[in-house]
K.L.:
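My structure is below; once you've seen it, I'll send some questions.
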Protein chains: 2
Amino acid sequence: MTDTGWRPVKRTRAFEDVLAQIERRIVEDGLTVGDRLPGERQLAEQLQVGRSSVREALRVLETLGVVSSQAGRGPDAGAVLTSRPDSALTDLLRLHLGLASLELREVIDTRLMIERWAAAGAATARAGTTALVAALEGMERARTAEEFVEHDTAFHCAIADASGNRLIAAIMRSLRESVRRYAIEAVEQLGDTRVLQDGHRRILAAIDAGSPEEAARAVTDHLADAYPTLFPRP
Amino acid sequence: MTDTGWRPVKRTRAFEDVLAQIERRIVEDGLTVGDRLPGERQLAEQLQVGRSSVREALRVLETLGVVSSQAGRGPDAGAVLTSRPDSALTDLLRLHLGLASLELREVIDTRLMIERWAAAGAATARAGTTALVAALEGMERARTAEEFVEHDTAFHCAIADASGNRLIAAIMRSLRESVRRYAIEAVEQLGDTRVLQDGHRRILAAIDAGSPEEAARAVTDHLADAYPTLFPRP
DNA sequence: ACCACTGTATGGTCAGACCATAGAACGCGA
DNA sequence: TCGCGTTCTATGGTCTGACCATACAGTGGT
């Protein structure tokens, strides 16, 4: 008697099956942000698995920023499809940094790449300057390193937002968020933030003037100012 | 009687507490890739929560590519710390693409940004050419669109690998993986892969010659060839 | 020294119970 | 009819205990 059925090398776990089924529904039924998934108990019955397996699958989707669960009753209750890639990316980066499977240098280099690209694009489109000005003024008023970094983050994320690319903007936000601690340290060590503010003004001026090359150069110099240990200047 | 205890707006769920505790241990105890976490039952007892909450936390960590669970007994069994950011990023991108909360254009643009950066860096360092040649030969031998895309992915990921930045390499692999379906479609629609191979050879030549600008231009032109609908050429 | 059997720790899953939450439905008084 | 407080109920969140599957460790026989 030959075993005609193919035996997978690794048995698919029940929650993985649930995951695949939910993803299939999203694609096939064209579900989009705001749509609701069936309740956990109903889903478990439909897919013939235990509720815990459904919950694990939903937990994965929540981690990936695709669903958001809310208890209670009403239109907002239950598992609702959302789009929050930021927190997933932030958690990913923070944990891998903590595990030392990523180095700070790699994260900052990535940020430099993104920001050069985004600043050049913003200069070409002359876009997003109002948000940049607002962040600049926020930094002027800041009285602590935390406050300064807060508005600094807003400034640099505004550059990424100006690109109009949501993926790149999300990556940028996550990069900033995951290195927030180090950024505050860096500002405190620097003491004087005037050199950083000068860099910000130079970036803004380049974008305003519509010169992509100068904008990219300004970003590079600014990061070298912010992280002198990572980018030793000649 | 004033309530001195601060009441959080949103009650932290048990599995989130577990998550935070595990992350704390990783950072404080300096745990790294290869180290084992306590068993689910033991962890549940230590943290005074149910095993299901521990499992949900571990599922999140597994989703983020930080732990890998293995049943059975022995040194490899249990929850082991790993470093697999790729699958997490791939799932993230694929799901958000399916949800239409990200557009293909944004993903391809991101890829273009990364690949220009990485190719320029590879040209400066004259690095990674052997892997590029191998992938090039693989594409010559390919007899189906799937096979071609397989080696094409290897070629472009090799460029990112040459950057030496693991984060950027991981993002690149995920970008390619999540658009694999569209890439196969694009190759099938194109029919003739010679123009793509010409592009590959031009990129390789630029890296080999150590000219970053030409490498970046070659990458840009190559992607325009591969996705003519996204990048209309004049 | 080798090998087959058994033991056991571990993850994977399920069923059922209970709690917390928050809108829905209801009912009552003005 | 309107307004408001009460109760109902669907939903997620959690715990417990049980059982299965897996794969190495230990054991004992050859």
Side-chain angles (χ1 to χ4, degrees), chain A residues 3 5-22 31 34-82 84, chain B residues 3 5 7-22 31 34-82 84 87:
Chain A
D3 188 329
W6 180 68
R7 184 74 54 104
V9 175
K10 190 176 171 55
R11 223 183 85 73
T12 59
R13 297 177 283 185
F15 84 92
E16 289 174 341
D17 190 51
V18 176
L19 222 36
Q21 295 293 324
I22 293 179
L31 300 184
D35 292 338
R36 279 182 54 180
L37 259 40
E40 296 178 354
R41 294 167 177 84
Q42 192 179 339
L43 221 36
E45 196 187 9
Q46 287 178 12
L47 303 179
Q48 287 294 292
V49 296
R51 191 179 158 211
S52 54
S53 295
V54 170
R55 281 184 62 76
E56 291 190 14
L58 289 175
R59 196 63 64 219
V60 169
L61 292 176
E62 188 180 312
T63 301
L64 293 173
V66 170
V67 311
S68 166
S69 291
Q70 178 68 40
R73 195 170 160 160
D76 282 0
V80 180
L81 292 179
T82 57
R84 303 187 175 280
Chain B
D3 187 329
R7 182 74 54 104
V9 175
K10 189 174 173 55
R11 223 184 89 71
T12 57
R13 294 122 108 193
F15 83 91
E16 289 173 343
D17 190 50
V18 176
L19 222 36
Q21 294 294 325
I22 293 179
L31 300 184
D35 291 339
R36 278 182 57 178
L37 259 39
E40 295 178 355
R41 293 166 178 87
Q42 191 179 339
L43 221 35
E45 194 187 10
Q46 287 178 13
L47 304 178
Q48 287 292 294
V49 298
R51 192 180 156 208
S52 53
S53 295
V54 171
R55 281 185 61 78
E56 291 190 14
L58 289 175
R59 197 62 65 219
V60 169
L61 292 176
E62 189 180 311
T63 301
L64 293 173
V66 170
V67 310
S68 166
S69 291
Q70 178 68 40
R73 196 172 160 160
D76 282 0
V80 180
L81 292 179
T82 57
R84 304 190 175 277
S87 62

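Just so it is clear, the structure is predicted and the values come from calculations on it, not from any experiment. Quick note on labels: first sequence line is chain A, next is B, and so on, each numbered from 1.
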K.L.:
Just the table, please: protein N/O against nucleotides 23-28 of chain D N/O, every pair under 3.5 Å.
P.N.:
{"from": "dC24(D)", "atom 1": "O4'", "to": "Arg73(B)", "atom 2": "O", "distance (Å)": "2.8"}

K.L.:
Identify which one of Asp17(B), Val66(B), Leu61(B) satisfies the side-chain contact (heavy atoms from CB on, under 4.5 Å) criterion when paired with Ile22(B).
P.N.:
Leu61(B)
K.L.:
By side-chain hydrogen bond (donor to acceptor under 3.5 Å, both in side chains), which residues pair with Gln46(B), not counting sequence neighbours?
P.N.:
Arg25(B)
K.L.:
Tell me the interatomic distance from Gln42(A), atom CD, to dA10(D), atom P, rounded to whole angstroms.
P.N.:
12 Å
K.L.:
Evaluate Arg13(A) against Glu62(B) for salt bridge (Lys or Arg N to Asp or Glu O under 4.0 Å), listing each step before the verdict.
P.N.:
CA-CA 13 Å; Arg13(A) 297 177 283 185; Glu62(B) 189 180 311; 2.4 Å; yes
K.L.:
Given atom CD of Glu40(B) and atom P of dG17(D), what is their separation to the nearest angstrom?
P.N.:
17 Å
K.L.:
Would you please name every residue forming a salt bridge (charged side-chain N to carboxylate O under 4.0 Å, His left out) with Arg84(B), sequence neighbours left out?
P.N.:
none
K.L.:
Expressed in angstrom and rounded to an integer, what is the separation of Glu45(B) atom CD from dC15(D) atom C1'?
P.N.:
14 Å
K.L.:
I'd like the 5' and 3' limits of the part of DNA chain C contacted by chain B, with heavy-atom contacts below 4.0 Å.
P.N.:
dG7(C) to dT13(C)
K.L.:
Nearest-Å distance, CG (Asp76(A)) to C1' (dA10(D))?
P.N.:
14 Å
K.L.:
Minimum heavy-atom separation for Gln70(B) and Asp76(B), please, with both atom names.
P.N.:
CB-O, 3.4 Å
K.L.:
NA contact type, Ala79(B), heavy-atom cut-off 4.0 Å: base, sugar-phosphate, or nothing?
P.N.:
sugar-phosphate
K.L.:
Rounded to the nearest 0.5 Å, how far apart are CD of Gln42(A) and CG of Leu47(A)?
P.N.:
10.0 Å
K.L.:
For Gln21(B), give me all partners under side-chain hydrogen bond (donor to acceptor under 3.5 Å, both in side chains), at least two apart in sequence or on another chain.
P.N.:
Arg24(B)
K.L.:
As a quick check of understanding, evaluate side chain to side chain contact (heavy atoms under 4.5 Å, CB included) for Thr63(A) and Leu64(B), giving each step before the final call.
P.N.:
CA-CA 8 Å; Thr63(A) 301; Leu64(B) 293 173; 3.8 Å; yes
K.L.:
If every non-hydrogen atom of Leu19(B) is compared with every non-hydrogen atom of Ala57(B), which pair is closest and at what distance?
P.N.:
CD1-O, 3.4 Å
K.L.:
Name the one of Val80(A), Leu37(A), Asp35(A) that satisfies side-chain contact (heavy atoms from CB on, under 4.5 Å) with Val67(A)?
P.N.:
Leu37(A)
K.L.:
If you take any heavy atom closer than 4.0 Å to DNA chain D, which residues from residues 46-53 of chain A end up in contact?
P.N.:
Arg51(A)
K.L.:
Looking at Glu56(B) and Arg59(B), does any basic side-chain N land under 4.0 Å from a carboxylate oxygen?
P.N.:
no
